[in-house]
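The model shown is predicted, which means the values in this text are computed figures rather than measured ones. By convention here, the first residue in the shown sequence is residue 1.
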Amino acid sequence: MRALLLLALPVALSGCLPLSTYYAEGVSFAQFERDNTNCDVRALRDAPVANQVRQGAPRYVPRRVCNAYGECFTRGGYWVPGEVYTVDVNANLRARVKGQCMGDLGYRPVEIPACPQGVSQAAPPGPSATLPRLNARSCAIRTGDGRFRVVTQG
C-alpha cells in the first residue's frame with residue numbers, strides 16, 4: 001500500500017507543477033508535436049546517450065564501544081562503499097542541441113502555470129488545436145497523454 005502511494009504521489013503532483021515547454025503562438029498543436037519530435041531526434045542523433053557508471057567516495061563508520069563505567073571510545077570500524085550511480089554525460093549538450101533546433105524553428109522556452117481545478121474541469125478535453133497568445137492569465141492543463149491545453153482565464 002505504501003509503495004502504491006509513493007508511486008501515485010508524483011503523478012498527482014504533476015498536475016500542480018507549471019508546464020515547461022517550447023512555444024510559438026499561432027502554431028498548430030500537430031505542427032508543434034512534429035517539430036518537437038524532430039528536434040528530439042536531431043538532439044539524440046547529435047548528442048547520443050553516453051552513460052558512465054560512477055561511484056561516490058567510501059565512508060568510514062567507526063565502532064563505538066562503551067564499558068561498564070560509561071566510558072566510551074572508538075575501536076575499529078568498517079568502510080561503507082560509495083554509492084554506484086549512472087550519469088549521462090551528454091544530457092546537457094542534448095538539451096542545448098534541442099533548444100537550438102526549436103529556436104531555429106521559431107519556438108521559445110516558456111513556463112506556464114497550471115490551471116486551477118475549476119478551470120481544468122470546465123475546459124474542453126484534449127490538447128489545444130493551435131497554441132494561443134500567452135498573457136499573465138494564461139494557464140496550462142495537462143491532458144495525461146503528454147499533451148497540454150493552454151487556457152486564458154477570464
Side-chain angles (χ1 to χ4, degrees), residues 1-62 77-154:
M1 179 68 166
R2 183 180 220 175
L4 183 61
L5 286 174
L6 289 174
L7 290 173
L9 189 60
V11 174
L13 290 177
S14 67
C16 303
L17 299 175
L19 173 71
S20 294
T21 189
Y22 291 96
Y23 203 86
E25 296 169 358
V27 173
S28 73
F29 196 82
Q31 184 63 47
F32 164 76
E33 285 185 314
R34 275 192 299 278
D35 293 341
N36 194 43
T37 299
N38 288 336
C39 287
D40 279 339
V41 170
R42 176 180 167 192
L44 192 56
R45 182 192 64 227
D46 293 351
V49 174
N51 285 336
Q52 290 183 355
V53 177
R54 297 183 179 175
Q55 184 171 10
R59 186 173 46 94
Y60 182 73
V61 179
Y78 58 94
W79 287 92
V80 176
E83 177 185 357
V84 176
Y85 58 97
T86 303
V87 175
D88 177 1
V89 295
N90 276 350
N92 289 338
L93 176 60
R94 193 167 39 258
R96 288 196 321 266
V97 170
K98 180 176 180 178
Q100 286 176 348
C101 178
M102 293 297 281
D104 290 347
L105 296 173
Y107 295 88
R108 63 185 168 88
V110 296
E111 192 167 277
I112 307 167
C115 289
Q117 185 74 21
V119 173
S120 297
Q121 291 172 343
S128 301
T130 302
L131 300 180
R133 180 178 299 253
L134 295 178
N135 65 34
R137 295 185 324 221
S138 297
C139 62
I141 302 167
R142 296 172 196 268
T143 61
D145 58 358
R147 296 175 169 182
F148 58 89
R149 173 175 285 282
V150 176
V151 175
T152 300
Q153 304 172 62

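The minimum heavy-atom distance linking Ala43 with Val97 is given by the pair CA-CG1, 3.6 Å. Gly106 and Ala24 make their closest contact through O-CB, 3.6 Å (heavy atoms, listed as atom of the first residue, atom of the second, distance).
Counting only residues at least two apart or in different chains, ring-ring contact (aromatic ring centres under 6.0 Å, His included) contacts with residues 117-144 are absent. Applying the side chain to side chain donor-acceptor pair (under 3.5 Å) test to every pair with at least one member in residues 93-106, sequence neighbours left out, gives these pairs: Asn36-Lys98, Asp40-Lys98, Asp88-Arg94. Residues in residues 116-131 take part in no salt bridge (charged side-chain N to carboxylate O under 4.0 Å, His left out) pair, two or more places apart or across chains. Within the structure, every pair that satisfies the salt bridge (charged side-chain N to carboxylate O under 4.0 Å, His left out) test and touches residues 43-62, not counting sequence neighbours, is listed here: Arg42-Asp46.
In terms of the side chain to side chain contact (heavy atoms under 4.5 Å, CB included) criterion, residue partners of Ser20 (sequence neighbours excluded) are, by chain and number, Glu111. For Tyr107, the side chain to side chain donor-acceptor pair (under 3.5 Å) partners two or more places apart in sequence, or in a different chain, are Asp35. Checked against side chain to side chain contact (heavy atoms under 4.5 Å, CB included), Asp145 has the following partners two or more places apart in sequence or in another chain: Thr143, Arg147. For Tyr22, the ring pair (Phe, Tyr, Trp, His ring centres under 6.0 Å) criterion is met by no residue, not counting sequence neighbours. A search for side chain to side chain contact (heavy atoms under 4.5 Å, CB included) contacts involving Gln55 returns Pro81, Val84, not counting sequence neighbours. Residues forming a ring pair (Phe, Tyr, Trp, His ring centres under 6.0 Å) with Tyr85 (at least two apart in sequence, or on another chain): none. Contacts of Pro113 classified as side chain to side chain contact (heavy atoms under 4.5 Å, CB included), with partners at least two apart in sequence or in another chain: none.
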Which pairs of donor and acceptor atoms, one on a side chain in residues 115-124, lie under 3.5 Å apart (sequence neighbours left out)?
from: Ser120; atom 1: OG; to: Pro116; atom 2: O; distance (Å): 3.3

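Considering only heavy atoms from C-beta on, Val49 stays 4.5 Å or farther from Asn90 through its side chain. No side-chain heavy atom of Arg133 sits under 4.5 Å from any side-chain heavy atom of Asn135.
Side chain of Ser128 to backbone of Leu131: no donor-acceptor contact under 3.5 angstrom is found.
Taking CD1 of Ile141 as the start and CG of Leu19 as the end, the distance is 11.0 Å to the nearest 0.5 Å. Residue Gln31 holds its CD atom at 11.0 Å from OG1 of Thr130, rounded to the nearest 0.5 Å.
Remark: aromatic rings of Phe29 and Phe148 are close, center separation under 6.0 Å.
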